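Written below as structure tokens is the structure these notes are about.
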Amino acid sequence: MSKLLLIHGGGPTAVINASLYGAIIKAKESSQIDRIYASKRGVYGIWEDDYIDLSDVSAQDLELLKNTPGSAIGTGRDHLEDEDYDKLATLINNKGFNYVLMTGGNGTQDTARKLSLSCAPYNILVGGIPKTMDNDLSKTDHSPGFPSAARYLAGSVKEAAQDVKGLAIHVVVIEAFGRDAGWIAGSSALAREKDGDAPHMILCPEVPFDEEQFLSRVKYLFEKLGGVVVVASEGLRYKDGTPIVEPVFKIARSTYYGDVSSHLAQLITKKLGIKARSEKPGILGRASSAWISTVDREEAIECGKKAVELVLEGKTAYVPVIERISDNPYKSKVVGVEIDESILEAKQMPEKYIDRENYNVTKEYIEWLKPLVKPDLPRFVSFIED
């Protein structure tokens with residue numbers, strides 16, 4: 001009897017369950033797989049012998065997966081030592097699993113690569129399914145989870161901007177996910193309908209933070225507009241690489257930053273005497289089913305399907321990635337690539353997408369992003385425009 005094991009790793013996204021749906025559907029269609037299981041709450045389930053049998057999930061529940069955020073099988077951030085991989089491989093073999101698929105970002109894909117080596121003596125094939133809202137996974141045009149997070153932030157900034165426009169008396173700093181890359185922060189630019197619309201400043205971690213320049217720009221914009229919206233990435237650092245807010249907790253590769261938006265808002269109030277407030281959507285940005293991108297959901301499903309195809313073809317340590325074929329009309333395809341050690345390198349925004357001088361992103365970035373964030377954001381009206 002042939003058995004597939006599915007594992008989620010790292011933070012959930014709005015479409016991680018869409019990839020799970022794709023993998024289950026493809027496995028059910030295959031005559032090579034008899035039973036489908038999930039390790040409950042990530043690798044933890046293997047250690048604890050805690051599995052979920054997904055073989056006979058109802059068609060209704062499978063359909064619900066496509067629009068369910070979070071992880072329906074549970075995920076985790078278990079740190080593994082080198083000696084753990086052989087132990088895991090033994091446990092996986094003892095349960096009779098033939099195929100293992102791990103859904104996650106850089107760290108999870110590296111785990112899949114290492115686990116594949118330990119599983120090789122048992123003829124167990126291990127593959128990956130891409131997932132990260134930060135969009136910092138290498139080897140792919142973009143990652144499942146990112147377009148929905150981008151759509152959420154752009155839509156939320158657009159809504160907040162209407163509030164600030166109507167009561168233009170303060171600066172609002174909105175914090176975005178992105179420890180090492182400004183992909184999500186930059187997506188807030190889609191909130192604009194015309195030049196001059198919010199966000200008025202976008203701060204990406206690729207650009208070193210300069211407090212004096214930042215405050216000078218805020219002061220100029222406030223005197224000009226009365227109400228200012230700033231979007232700042234959680235991973236902002238000074239020129240020497242030091243985070244502008246000391247991390248509150250670190251474990252392995254995971255860093256939990258302090259409130260960057262709160263810090264910046266306090267700077268504005270204390271140094272400039274301007275009323276400022278902070279907003280930190282946090283996990284709301286990855287747990288919103290209302291803002292799911294239709295493109296993101298479909299590509300996530302295809303990545304889940306492709307991952308199953310790859311292991312059934314006999315490939316181990318492979319992960320599906322998205323290749324863009326065209327922008328207008330937008331077309332993409334999902335292909336498999338081998339996971340190597342470079343998977344741990346966070347993919348930052350290239351310089352051509354960042355407008356350093358104006359605290360902004362470029363038109364090239366907006367054109368790259370726009371096809372991914374569908375359907376289009378709603379339009380608003382204001383009668384107080386000058």
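Computed from a predicted structure; not experimentally measured. Numbering of residues begins at 1 and proceeds along the displayed sequence.
Pairing each heavy atom of Leu203 with each of Ala185, the nearest pair is O-CB, 4.1 Å. Shortest non-hydrogen contact noted between Lys305 and Lys26 is O-CG, 3.6 Å. Pairing each heavy atom of Asp134 with each of Gly178, the nearest pair is OD1-N, 3.8 Å. Across all their heavy atoms, Ile244 and His263 have their closest contact at O-NE2, 3.8 Å.
One finds a salt bridge joining Asp376 and Lys374 here, because a Lys/Arg side-chain nitrogen approaches an Asp/Glu carboxylate oxygen to under 4.0 Å. A salt bridge between Arg41 and Glu48 is absent, with no side-chain N of the basic residue lying under 4.0 Å from a carboxylate O of the acidic one. Remark: Asp56 engages Arg35 in a salt bridge, criterion side-chain N to carboxylate O under 4.0 Å. Salt bridge status for Arg113 with Glu338: absent, with no side-chain N to carboxylate O gap under 4.0 Å. Under a 4.0 Å N-O distance rule, the pair Glu193/Lys158 qualifies as a salt bridge. One finds no salt bridge joining Glu367 and Lys370 here, because no Lys/Arg side-chain nitrogen approaches an Asp/Glu carboxylate oxygen to under 4.0 Å. Between Asp340 and Lys139, at least one side-chain N (NZ, or NE/NH1/NH2) sits under 4.0 Å from a carboxylate O, which counts as a salt bridge. Ionic pairing of Arg237 and Asp180 is present here: one or more N-O contacts between side-chain nitrogen and carboxylate oxygen are shorter than 4.0 angstrom.
The line from OG of Ser39 to CG of Asp49 is 9.5 Å long, rounded to the nearest 0.5 Å. Thr68 contributes atom OG1, which lies 12.5 Å from atom CD1 of Ile16 (distance to the nearest 0.5 angstrom). Atom NZ of Lys306 is separated from atom OG of Ser19 by 14.5 Å, given to the nearest 0.5 angstrom. The distance from atom CD1 of Ile52 to atom OG of Ser55, rounded to the nearest 0.5 Å, is 12.0 Å. In this structure, the separation between CD on Glu299 and OG on Ser293 is 7.5 Å, given to the nearest 0.5 Å. The OG atom of Ser116 sits 14.5 Å away from the NZ atom of Lys315 when rounded to the nearest 0.5 Å.
Judged purely by distance below 3.5 Å, without hydrogens or angles, the side chains of Asp34 and Ser2 never pair a donor atom with an acceptor atom. Looking at Glu364 and Thr362, their side chains do bring a donor and an acceptor atom within 3.5 Å of each other. Checking Ser262 against Gln266 by side-chain atom types alone, a donor-acceptor pair falls below 3.5 Å. Neither side chain, Asp84 nor Trp47, offers a donor N or O lying under 3.5 Å from an acceptor on the other. Looking at Tyr152 and Ser187, their side chains never bring a donor and an acceptor atom within 3.5 Å of each other.
When side chains are defined from C-beta on, Leu264 does not count as touching Glu175, because their heavy atoms never get closer than 4.5 Å. A 4.5 Å side-chain heavy-atom check between Asp355 and Ile202 finds every atom pair outside the cut-off.
In this structure, Trp183 and Tyr365 have tilted ring planes: the angle between them lies in the 30° to 60° band.
As a member of the Ile/Leu/Val/Met/Phe/Trp/Tyr network built from side-chain separations under 4.5 Å, Phe383 groups with Val381.
Within the 3.5 Å criterion, the main-chain N or O of Gly70 finds a donor-acceptor partner in the side chain of Asn17. Side-chain atoms of Asp110 never come within 3.5 Å of backbone atoms of Gly107 as a donor-acceptor pair (strictly under, hydrogens ignored). The backbone N or O of Ser261 lies less than 3.5 Å from no partner atom in the side chain of Asp259, so there is not a single donor-acceptor pair.
Partner of Leu54 under the side-chain contact (heavy atoms from CB on, under 4.5 Å) criterion, out of Leu62, Ile73, Leu4: Ile73 alone. None of Asn98, Thr90, Asn93 except one satisfies the side-chain hydrogen bond (donor to acceptor under 3.5 Å, both in side chains) rule with Tyr122; the exception is Thr90.
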Salt bridge (Lys or Arg N to Asp or Glu O under 4.0 Å) assessment of Arg356 paired with Glu206: CA-CA 9 Å; Arg356 290 174 176 257; Glu206 289 89 347; over 6 Å; no
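Ile274 and Leu221 fall within the same hydrophobic cluster, defined by Ile, Leu, Val, Met, Phe, Trp and Tyr side-chain heavy atoms under 4.5 Å apart, directly or through other members.
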